[in-house]
Amino acid sequence: MKQGRSTLLWTALLLVLLGGMHTAWRHFVHQVPLLPGSQQTYWDLEARVEMEAEGAPVKVRLAIPQSQPGFLMRSEHTASPGFGVSFVEGDQRFAEWSIRSATGTQWLYYRAQFQFDPKRHIPAVDHAPELMPSTWSLPLKAAAAQILRRSWQESADPFSLAKALAERISNENNQNGRLLLSEMTASEAMVNLLNDAKIPARVLYGVKLEDGRRRQALQQLVQVFSGQNWQLFDVNSAISLDITGNNYLLWQQQAGPILEVEGAHESKVTFSMLTTHEPASSSVNALAVKDALLSLSIHSLPISEQALFKTLLLLPLGALVVVLLRVFVGLKTSGTFMPLLIALAFLEMSLSAGLITFLILVSAGLVLRQLLAHLNLLLVARVAAVIVCVIGMIALFAVISFHTGITTGMKVTLFPMIILAWTIERMSILWEEEGPLEVVKQGGGSLITATVAFLLMDIYEVRYWMFNFLGLQLVVLALILIVGSYTGYRLLELWRFSPLANQPKGGE
């Protein structure tokens, strides 16, 4: 027994030592800061081209971004096994891939890192496009003229005119705007209207920067010129975008197609993004580090996978919370790690919305489960029926949330459906065998555990540490091993037996 405990302690000590050494290596050698603070902001953007090759020569041409106001390109590279790649420079840059023969599904990756710096002066492409005559059909011509005439009266310059046009086009109650949108997109309609007003404009594609987003599509934006100045407009939301703000990046600098493919079909391009906060020197050092295995860094992975790991790497912390509360406190939970999965759903929603949603789903599920009990189904069929009911409730909840304007309610799909179904089944059986009090204990324990895990994983510094210092995973593992060897009394047991300790001894 003593030998086993000694082995456990030495193992935990070794894990802590290795984790600490790796953390120190990342900090001192790779210059990754220990604390996220007033560091430089970097955006890693990745375009993934997917296509079905036909066994013939394949040529792919992808429009790629460049430095622009607010964003300075620091690096770029591609991953295209078997393909030759070249870059075409100009007002609009392109990456071109080619291969003599390819068959089946092919993936091409383009990745660029931008440094966000709104104070740095970066020349912008300021060549206004030529005015193009609009070819309105007769019904559209009258509607376009009416929208343009009213917007012109409410404006003072090209930019205010563009804003007024965007408001009318995006207004669902404007019949003229809806008529235009029946034959073209909102951005195309706005460009045509501005050209009618002798104002140069064009449709470009941009990326809305949101940390951790995966497989997103580009967003149509309208670039409006007034002399040598220009502004971007999001027509659907009728707002002018700050080109130096840390929220949008132009993928295009000139109008034209984003992706052109020859020799393949079913081609598409999706975009992923990730933000990091590092000192300016760290990006330079990161480019010089070639041995990704030695650094144990996941930054060499595609960004879509990095965004996934940014959440997955928090799971060990949640598991540690579950172990601490069950071993030291003695909380009962419905399932061992079900609270951890619920905490993950809380990360995408808010804590209050997550708690309310969970209580509604479980309560309604228990009612449905009691109704199913009267059908005398076998266990597998009963659980399958509960799963179907849970999915139906989640779909209904999302639809109701959407039509009532509660955006957080639409994220209800993040709850683990199968785990919820088994939780409802277990709670129902527990209700029948041990009564509602035990259901409240285990359900309450699960919510308390999920809340504590959420509060820990939601700390910004904790997210930063777990993602940038993988050695901390070994430290968390060591803590779990140490806590797992505890065999003493739990806090709830001490509280339950406290009346016995206060009783006078026999014979006194």
Side-chain angles (χ1 to χ4, degrees), residues 315 318-346 351-397 412-454 480 483-501:
L315 288 175
L320 177 60
V321 170
V322 173
V323 173
L324 287 172
L325 292 181
R326 286 181 68 98
V327 173
F328 286 154
V329 180
L331 276 180
K332 294 182 178 181
T333 60
S334 180
T336 306
F337 291 104
M338 186 271 287
L340 177 57
L341 299 177
I342 294 180
L344 286 180
F346 289 172
L351 180 59
S352 58
L355 289 172
I356 294 173
T357 303
F358 177 79
L359 290 174
I360 292 176
L361 289 176
V362 173
S363 300
L366 286 174
V367 174
L368 290 174
R369 168 60 179 78
Q370 292 301 317
L371 295 176
L372 291 174
H374 297 290
L375 302 179
N376 297 322
L377 299 176
L378 296 176
L379 175 62
V380 176
R382 188 167 65 242
V383 173
V386 172
I387 291 175
V388 174
C389 294
V390 168
I391 294 175
M393 288 189 296
I394 288 177
L396 179 62
F397 198 91
V412 66
T413 54
L414 297 169
F415 275 101
M417 301 178 188
I418 306 301
I419 300 298
L420 276 179
W422 273 107
T423 299
I424 292 171
E425 176 67 19
R426 291 185 57 177
M427 285 187 173
S428 179
I429 295 176
L430 192 65
W431 189 300
E432 296 172 354
E433 294 179 351
E434 301 189 30
L437 181 59
E438 190 65 23
V439 172
V440 173
K441 287 182 179 180
Q442 292 194 13
S446 298
L447 288 182
I448 292 174
T449 305
T451 301
V452 175
F454 162 79
I480 291 176
V483 173
S485 64
Y486 177 76
T487 57
Y489 286 106
R490 296 172 173 83
L491 291 178
L492 291 181
E493 290 177 340
L494 294 176
W495 172 75
R496 186 176 60 176
F497 295 129
S498 59
L500 298 177

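Keep in mind that this is a model prediction, so the values were computed, not measured.
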Just grab all the side chain to side chain donor-acceptor pair (under 3.5 Å) pairs involving residues 381-397, residues at least two apart or on different chains.
R382-E425

Search all heavy atoms of S428 against all heavy atoms of L366 and return the closest pair with its distance.
N-CD2, 3.8 Å

Take atom CG of L378 as the centre, draw a 6.0 Å sphere, and report whether it contains more than 12 heavy atoms from other residues, nucleotides or ligands.
no

Using distance alone, with no hydrogens and no angle criterion, decide if T333 and Q442 have a side-chain donor and acceptor under 3.5 Å apart.
no

Give the minimum heavy-atom separation between A453 and G318, together with the two atoms involved.
CB-CA, 4.2 Å

Spacing of F358 atom CZ and L447 atom CG [to the nearest 0.5 Å]:
5.0 Å

Search all heavy atoms of A343 against all heavy atoms of F454 and return the closest pair with its distance.
CB-N, 4.0 Å

Examine distances only and state if a side-chain atom of T449 and a backbone atom of G445 form a donor-acceptor pair shorter than 3.5 Å.
yes

How many angstroms lie between CG in L355 and CZ in F346, if you round to the nearest 0.5 Å?
4.0 Å

So, taking the atom named CD1 in I424 and the one named CG in L372, what distance separates them when rounded to the nearest 0.5 Å?
10.5 Å

For L340, the option from L320, V321, L315 that meets side chain to side chain contact (heavy atoms under 4.5 Å, CB included)
L315

For the pair R369 (side chain) and V386 (backbone), establish whether a donor and an acceptor sit closer than 3.5 Å, ignoring hydrogens and angles.
no

Mind checking the CG-CG spacing from L368 to L361? Nearest 0.5 Å is all I need.
10.5 Å

Shortest non-hydrogen contact from A364 to M393?
CB-SD, 3.3 Å

Steps toward side-chain contact (heavy atoms from CB on, under 4.5 Å) verdict (V329, R490):
CA-CA 5 Å; V329 180; R490 296 172 173 83; over 6 Å; no

Shortest non-hydrogen contact from Q370 to H374?
O-CD2, 3.2 Å

Rounding to 0.5 Å, atoms CG (L371) and SG (C389) come to a distance of 9.0 Å

